[in-house]
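Just below is one structure, and these are the notes that go with it.
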Amino acid sequence: MLRAKRRWTVMAGSAGLLGALAACSSGTAETAAPTTGGGGGGGGGSGGCPPGLAQCGGACTKTDLDPDNCGSCGHACAEGEICSAGACGVQCLGGTIRCGDACVQTDANPAHCGACDHACGVGTVCSAGQCGVKCLGGTTECGGLCVDTGLDPANCGDCGHVCPQGQVCSAGQCGVECLGGTTRCGEKCVDVGLDPSHCGDCDTVCGSGEVCSAGKCGLKCLGGSAKCGSACVDTDVDPLNCGSCGVICAAGEVCSAGQCALQCSGGTTKCGGACVDTETDPANCGGCGKACGAGQVCSAEQCGLVCVGGTTKCAGKCVDTDSSPAHCGGCDKACGPDEVCAAGLCGLVCAGGATKCGSACVDTKSDPANCGGCAKACPAEQNPAHCGGCNAACAPGQVCSAGKCALECAGGTTKCGNGCVDTALDSAHCGGCNAACAPGQVCSAGKCALVCAGGTIKCDGGCVNPKNDPAHCGGCGQACAGGQVCADGQCTLQCVGGTVKCGSACVDTKNDPANCGGCGQTCGKDEICSAGACTVVCGGGLTKCAGKCVDTKTDPAHCGGCDSPCKGNAPCLGGACGFLKSCKQILDKGLSKGDGDYSIDLNGGDPADAFQVNCDMQGDGGGWTLVANVSGANDNHVKSTGQVTAAAPTFPVPYETTPAGRKLADATVVAIAAEGVIRVSVGVKQSPKYRAFFRYPAGIGGLSFSCNDGGCPRIVVSHGYPFQWESSPCTGVNTGYLVANSSYWVYDMHDNSECGPQWYSSKYQQGERVLYAYSPTGRLGIYNQEYGYTWVR
């Protein structure tokens, strides 16, 4: 008879279900109810369960670890045995440890984080065996678990994106094959060189206490890697063990040359949370996320079937067998824990004048990652000790500017100490030398702030322009591949919009002081670039700001004057930040782009208050704002609050060839109509059946689109543009007339007979007239239930 069912829970949606089995302390059990993965991947595991789980008896479970369904449904382990790697036994395998009667991976299990029964609190996650509020090491929090979205079939590329049944997740994409040098084992892509559950091949599981190194199980790590916990890692690049075991890099940092930093050094590139060599990494070949196909290797930033440049294909990668400690002298010939590989031979010391740095022999005279000594990575091209190359030092008194030694800084940069910096963006020298920004702040337009301005965005603690930055093209971390440039927020092989490709950037050689008139032609310290020539003054109405010639009427970083950035995404219009208040203001500022949709902001403050309107910029002098679409079938146009609804909060009155009936609120119309003139047309916009203009002598503040008869404000009328205002002879255009009693709403073209005989406007015709809300009861249409439009200016 079977013993009582043990209590344990499968937590679906973890990284390849990273041993995500939260064994409860009671020691008795049940499997979790099936869960459904979200996202567009669809599909899932067996029987509708998430990837990596099998449906056994109506529940989703992981047969690798479930003692009641070990290896297959219904196969229960004997009393005292546990299930590990799909087999019953007395020890946990594949890097897991025993907690109660289950094998768990304490690196990511929130119920056993770092040790058995050490549960993380509410609101925290388990990452690298530690409880915290953020996931570390490039993992992402998905449903309370830290997962690798590059490999997790339940969260492939993004949380909740489930791969269809039969597919795996590789390089953040669902497919039938594993990419980037990984191997498909069941429904997962794994690195068989390091995975203790699949060491060397899919079916080899390392024993208790063993690690997987260079595709072999053993007690020690080989090939220059270090044993941290139950895994072999490269402490030079592992953000969870940076420099030594247990040193975890903070969120947003990477591990480069054994040190936590915001940027990669030594010629490596930041991809996600890791520093990689895009020349040889099959998962990031030539650029981040560009994974090589199954069977291919990455050599010289190109995917192919063979290695080039004297390298050898070993375990799906191109390596130099003369110096690789994991493949020293040949594939899979790994050096010992304290050995290095020199000239294809393992030894304790380096030969030929090379220096031992970690597990590699390097030439510290030329290695950018170990320049002059181990872990001394070459900084940016502004460093006078490494100007344009490693150990290419500038002479005393010189600075390094744009990778060249000079007496003064060029390209609009400023000399701070013995380096050239851009004080408009450098948070250590913001606006001037040694003017450092406070922690959490960025330097934007030469001022410390919490947010970036002038169209830039905050990436890695600095402000960048996503329209032309190849490291953040279109968004943070979206790096362009080798050979590509960033043009208008898109990675491409060519520059657009009149810009020129200089290095990996698209620049405007007409005003770029570092590339003035051509690539590499830098202007002097006190010069700026104007019309492709270095000069001391700006031409064409431009102003010198931060070493560049800018138009302070339109530049959001220098709006109205230098170093006056606009907040948020507000544009700079006519030298003022923020959207204008009406179509007429846009026209008067010379910012019209013809008829169409424009954004306006009535209070001129927070750009979040802006909304779209339709502008007629050409007819009747232009500058007309559409405030009401009048339908012939409803009376929406007379409602005082208009039709601004949750479904259409920012575009309440679009221009429609057949209006549905909608208007702005009366108060909004009053705020827009600075001139106080209303234009009404019956029929289509450009060829109205009839058109008239109305004005309130007492001011448009009394406007009401729901008034009727003599209760409406006095008005005057004009039938053309330029205006020729008409009114009842006894009142005149300074007083205006009242619409006829018991007639029509808001306005009409004859009065209420207060001067005796009823007065009619000169263009009045019974069959062709303009009024608002036809008939006092139905209120449908502008005239005789016909549609039309109401504009103000």
Side-chain angles (χ1 to χ4, degrees), residues 14-21 51-54 62-67 69-72 75 77 81-98 102-108 148 151-153 168-170 177-234 238 282-283 294-295 297 312-317 319 324-328 330-337:
S14 64
L17 292 116
L18 264 180
L21 301 165
L53 300 182
K62 196 171 194 307
T63 56
D64 284 352
L65 299 170
D66 185 355
N69 301 279
C70 190
S72 61
H75 183 266
C77 295
E81 288 185 327
I82 50 178
C83 181
S84 182
C88 296
V90 294
Q91 291 184 332
C92 291
L93 308 175
T96 58
I97 65 173
R98 181 167 184 168
C103 294
V104 300
Q105 186 152 1
T106 56
D107 283 350
D148 183 354
L151 294 173
D152 186 356
V168 291
C169 180
S170 184
E177 293 183 339
C178 292
L179 308 175
T182 56
T183 302
R184 180 168 183 170
C185 294
E187 293 185 359
K188 293 193 299 183
C189 293
V190 300
D191 183 352
V192 294
L194 294 173
D195 193 326
S197 297
H198 309 279
C199 190
D201 57 52
C202 291
D203 299 325
T204 301
V205 182
C206 294
S208 178
E210 289 186 322
V211 291
C212 180
S213 181
K216 296 180 180 180
C217 296
L219 296 176
K220 294 182 178 181
C221 294
L222 306 175
S225 58
K227 183 178 180 181
C228 294
S230 60
C232 293
V233 301
D234 184 352
D238 189 342
V297 290
T312 304
K313 183 178 180 181
C314 296
K317 294 184 179 181
V319 299
S324 174
H327 308 280
C328 190
C331 292
D332 300 328
K333 294 181 178 180
C335 296

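Starting from 1, each residue takes its place in the sequence as its number.
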The test is side-chain contact (heavy atoms from CB on, under 4.5 Å); show your working for Leu219 and Glu210 and say whether it passes.
CA-CA 5 Å; Leu219 296 176; Glu210 289 186 322; 4.3 Å; yes

With disulfide bond (SG atoms under 2.5 Å apart) as the test, would you mind laying out the steps for Cys103 and Cys83 before giving the verdict?
CA-CA 7 Å; Cys103 294; Cys83 181; over 6 Å; no

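Taking every heavy atom of both residues into account, His327 and Asp332 meet most closely at ND1-N, 2.9 Å. For Ser170 against Thr182, the heavy-atom pair with the smallest separation is OG-OG1, 4.0 Å. Across all non-hydrogen atoms, the minimal contact from Ser225 to Leu222 is OG-O, 2.8 Å. A pairwise comparison of heavy atoms in Leu194 and Cys232 identifies CD2-O, 3.7 Å as the closest pair.
Here the options are Asp203, Val190, Val205, Asp191, the test is side chain to side chain contact (heavy atoms under 4.5 Å, CB included), and the partner is His198; only Val190 passes.
Leu179 CG to Leu151 CG: the interatomic distance, rounded to the nearest 0.5 Å, is 10.0 Å. One distance of note links OG of Ser84 with CD of Gln91; it measures 9.5 Å at 0.5 Å rounding. Summarising the geometry, atom CD1 belonging to Ile82 is positioned 7.0 Å from atom OG1 belonging to Thr96; distances are rounded to the nearest 0.5 Å.
Per the SG-SG cut-off, Cys217 and Cys212 are not bridged by a disulfide [distance not under 2.5 Å]. Remark: SG of Cys169 is not found under 2.5 Å from SG of Cys189. Sulfur-to-sulfur, Cys328 and Cys335 sit at least 2.5 Å apart at their SG atoms. A disulfide is not assigned to Cys206 and Cys199, since their SG atoms are no nearer than 2.5 Å. Pairing of Cys88 with Cys77 by a disulfide is supported, the SG atoms lying closer than 2.5 Å.
For Lys216, the NZ atom counts as loosely surrounded, since its 6.0 Å shell holds 12 or fewer non-hydrogen atoms of other residues, nucleotides or ligands.
Partners of Asp238 by side chain to side chain donor-acceptor pair (under 3.5 Å), not counting sequence neighbours, listed by chain and number: Asn241. Partners of Thr106 according to the side chain to side chain donor-acceptor pair (under 3.5 Å) rule, which considers only residues two or more places apart in sequence or in another chain, do not exist here.
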